[in-house]
Amino acid sequence: MTPPLTIRDLRTRAVRVPMRRPLGTSRGVVREAPLVLVDLDTDQGVTGHAYLWAYTDNGARALCILVAEVLSMVRGDQVAPAVLHRKVSARFTLIGREGLPQMALSALDVAAWDALARAAGLPLVRMLGGEVRPVPAYNSNGLGLVGPEAAAAEAQEIVGEGFRAIKLRLGYPTLAEDLAAVRAVMRAVPAGTRVLIDYNQALSVAEALHRGRALDGEGVAWIEEPVRHDDYLGCARVAREVATPIQIGENFIGTHQMAAAIEAEASDFVMPDLARIGGVTGWLRAAGLAEAAGLEMSSHLFPEVSAHLLAVTPTAHFLEYVDWAAPILKEPLRVEEGMAEIPDRPGTGIEWNEDAVRRYALE
């Protein structure tokens, strides 16, 4: 039996990694990925790893401060994720668990699970009762609001890298421009390629109904976040009146919000974000909600960890693949013929490329 682990330290480093393909959405263009790397050191010499996508440089700095606050709550505690999750959640109650506090909690949780799996000598997926197996993935790099011709050319490059499903961002000033981008991409990719579209909350309910009905005949696989993420009643109306499946979930802060969205019938699919849903512990609870509701569940970002989790999710759908952390990893996640390959090594498989971490350090 593996002896218990106890927490000695929780270290953070912030980096700013250039994106291979800039991300252009209806909310702006992102060219660099601010990440916070988290290392959970134990008294037994085992270290668990996690990282957070911080959105901005100052977001990364704030997360480093919050993770240090989390350490003050758990130093010397046993690495028991459910217990730690409950303790830190309770301590954050008075200032609110939403936003950055939830992300700091999630980083602790992921690093704790990684440490436990490493100590047991098991990949995380096996630690959770699953098996190492390929997971269906779609490419979510690039394909922003760049115009039909540029989007079509980029789509061809992406499917040439081995993907059979891709995400296209929409939210141009007019429906005609949205349709032109979709049609150009559809013509450019091989038959059978699944094209998912994402509005990044750009539309009103009325406009989402207008554009969604027009897209119903275009063969897209889902319409993601057409309206404000917390407007569950509005999104439910879109889901009822638009034939194309509606996807939401990356902004669920914990499983209570996910349960409320499910009760409102706000979407046809769900896609929790590892850092917002509560790490591995939160994901497992979310997977239970999705199974009970009969909803297919995909991931949002963090593909290195999410691949393990989807492999034990009863209603698993798609892994969202982004390569933003790849430059600072020793062995980035591999995708072959549209399938993400879970590494058969202890923990999540995350190991830092220290030279790259120093090169991209955020001052």
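Remember, predicted model here, so these are calculated numbers, not experimental data.
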Practice task
Flag the pair Y138 / W222 as yes when their ring centroid distance falls below 6.0 Å, and as no otherwise.
Solution key: yes
Practice task
Report yes or no: do V36 and M103 belong to one cluster of Ile/Leu/Val/Met/Phe/Trp/Tyr joined by side chain heavy-atom distances under 4.5 Å?
Solution key: yes
Problem - Heavy-atom closest pair, residues A208 and V238 - result: CB-CG2, 3.9 Å
Handout entry: Ionic contact status for R183 with E218, cut-off 4.0 Å
Key = yes
Handout entry: Check: N353 side chain, D355 main-chain N or O, donor-acceptor pair, under 3.5 Å
Key = yes
Fill in the blank from the handout: Heavy atoms of A115 and L5 approach each other most closely as O-CD1, 3.7 Å
Practice task
Locate the shortest heavy-atom distance separating A221 from F269; write the atom from each residue and the value.
Solution key: O-CE1, 4.2 Å
Handout entry: NE2-CD distance between H317 and Q247, expressed to the nearest 0.5 angstrom
Key = 8.0 Å
Exercise for the section: Give a yes or no on whether the backbone of I246 and the side-chain of D268 come within a donor-acceptor separation of less than 3.5 Å. Expected result: yes
Handout entry: SB check E304 R334 (cutoff 4.0 Å)
Key = no
Practice task
Report yes or no: does Y55 contribute a side-chain atom to a donor-acceptor pair with the main-chain N or O of A60 at less than 3.5 Å?
Solution key: no
Exercise for the section: Report the C-alpha separation of E157 and R20 in whole Å, then their side-chain angles, then the decisive distance to 0.1 Å, and conclude whether the salt bridge (charged side-chain N to carboxylate O under 4.0 Å, His left out) test is met. Expected result: CA-CA 13 Å; E157 292 176 5; R20 187 166 64 96; over 6 Å; no
Practice task
Look at the side chain of R75 and the backbone N and O of R8, then say whether any donor-acceptor pair between them is shorter than 3.5 Å.
Solution key: yes
Handout entry: E263 atom CD, neighbour heavy-atom count above 12 within 6.0 Å
Key = no
Practice task
Give a yes or no on whether E149 atom CD has more than 12 heavy-atom contacts from other residues, nucleotides or ligands under 6.0 Å away.
Solution key: no
Handout entry: E225 and N251 side chains, donor-acceptor separation under 3.5 Å
Key = yes
Handout entry: Single-linkage hydrophobic cluster, 4.5 Å side-chain cutoff, L203 and L179 together
Key = yes
Exercise for the section: Would you tell me whether E320 and S140 have side-chain atoms, one donor and one acceptor, within less than 3.5 Å of each other? Expected result: yes
Handout entry: Basic-acidic side-chain contact under 4.0 Å: E224, K167
Key = yes
Exercise for the section: Using the rule that two of Ile, Leu, Val, Met, Phe, Trp, Tyr join whenever any of their side-chain heavy atoms come within less than 4.5 Å, decide whether V88 and V110 are in one cluster. Expected result: yes
Problem - E265, CD: over 12 other non-hydrogen atoms inside 6.0 angstrom - result: no
Exercise for the section: Kindly work out whether a path of hydrophobic side-chain contacts (I/L/V/M/F/W/Y, heavy atoms less than 4.5 Å apart) joins M297 to V135. Expected result: yes
Practice task
Could you tell me whether a side-chain N or O of S106 sits under 3.5 Å from a main-chain N or O of Q102, the two making a donor and an acceptor?
Solution key: yes
Exercise for the section: Compute whether any side-chain donor of one residue and acceptor of the other, for S204 and E207, lie under 3.5 angstrom apart. Expected result: no
Problem - V280 and its side-chain contact (heavy atoms from CB on, under 4.5 Å) partner, picked from T348, V312, L116, D109 - result: D109
Completion exercise
For L100 and L63 the tightest heavy-atom approach is O-CD2, 3.7 Å
Practice task
To the nearest 0.5 angstrom, please state how far the NE2 atom of H300 sits from the CZ atom of F252.
Solution key: 12.0 Å
Practice task
For E154 and L143, indicate whether the former's side chain and the latter's backbone hold a donor-acceptor pair under 3.5 Å.
Solution key: yes
Exercise for the section: Quick one: closest heavy-atom pair of V322 and N141, and the distance? Expected result: CA-OD1, 3.4 Å
Problem - Closest heavy-atom pair and its distance - D114, H49 - result: OD2-N, 2.7 Å
Exercise for the section: Using atom types as modelled and distance alone, determine if a side-chain donor or acceptor of D178 lies under 3.5 Å from a backbone N or O of Y172. Expected result: yes
Exercise for the section: Identify whether Y321 and I197 are in the same connected component of the hydrophobic contact network (ILVMFWY, side-chain heavy atoms under 4.5 Å). Expected result: yes
Fill in the blank from the handout: When rounded to the nearest 0.5 Å, the distance separating OG1 of T193 from CD of Q156 is 10.5 Å
Handout entry: Short side-chain donor-acceptor distance under 3.5 Å, W352 and D39
Key = yes
Exercise for the section: Give a yes or no on whether the backbone of E250 and the side-chain of R276 come within a donor-acceptor separation of less than 3.5 Å. Expected result: yes
Practice task
Give a yes or no on whether the backbone of M73 and the side-chain of K87 come within a donor-acceptor separation of less than 3.5 Å.
Solution key: yes
Exercise for the section: Indicate yes or no: does E177 engage R211 in a salt bridge with an N to O separation below 4.0 Å. Expected result: no
Problem - N/O donor-acceptor pair under 3.5 Å between Q257 side chain and I253 backbone - result: yes
Exercise for the section: Determine whether the side chains of S299 and W283 contain a donor N or O and an acceptor N or O closer than 3.5 Å. Expected result: no
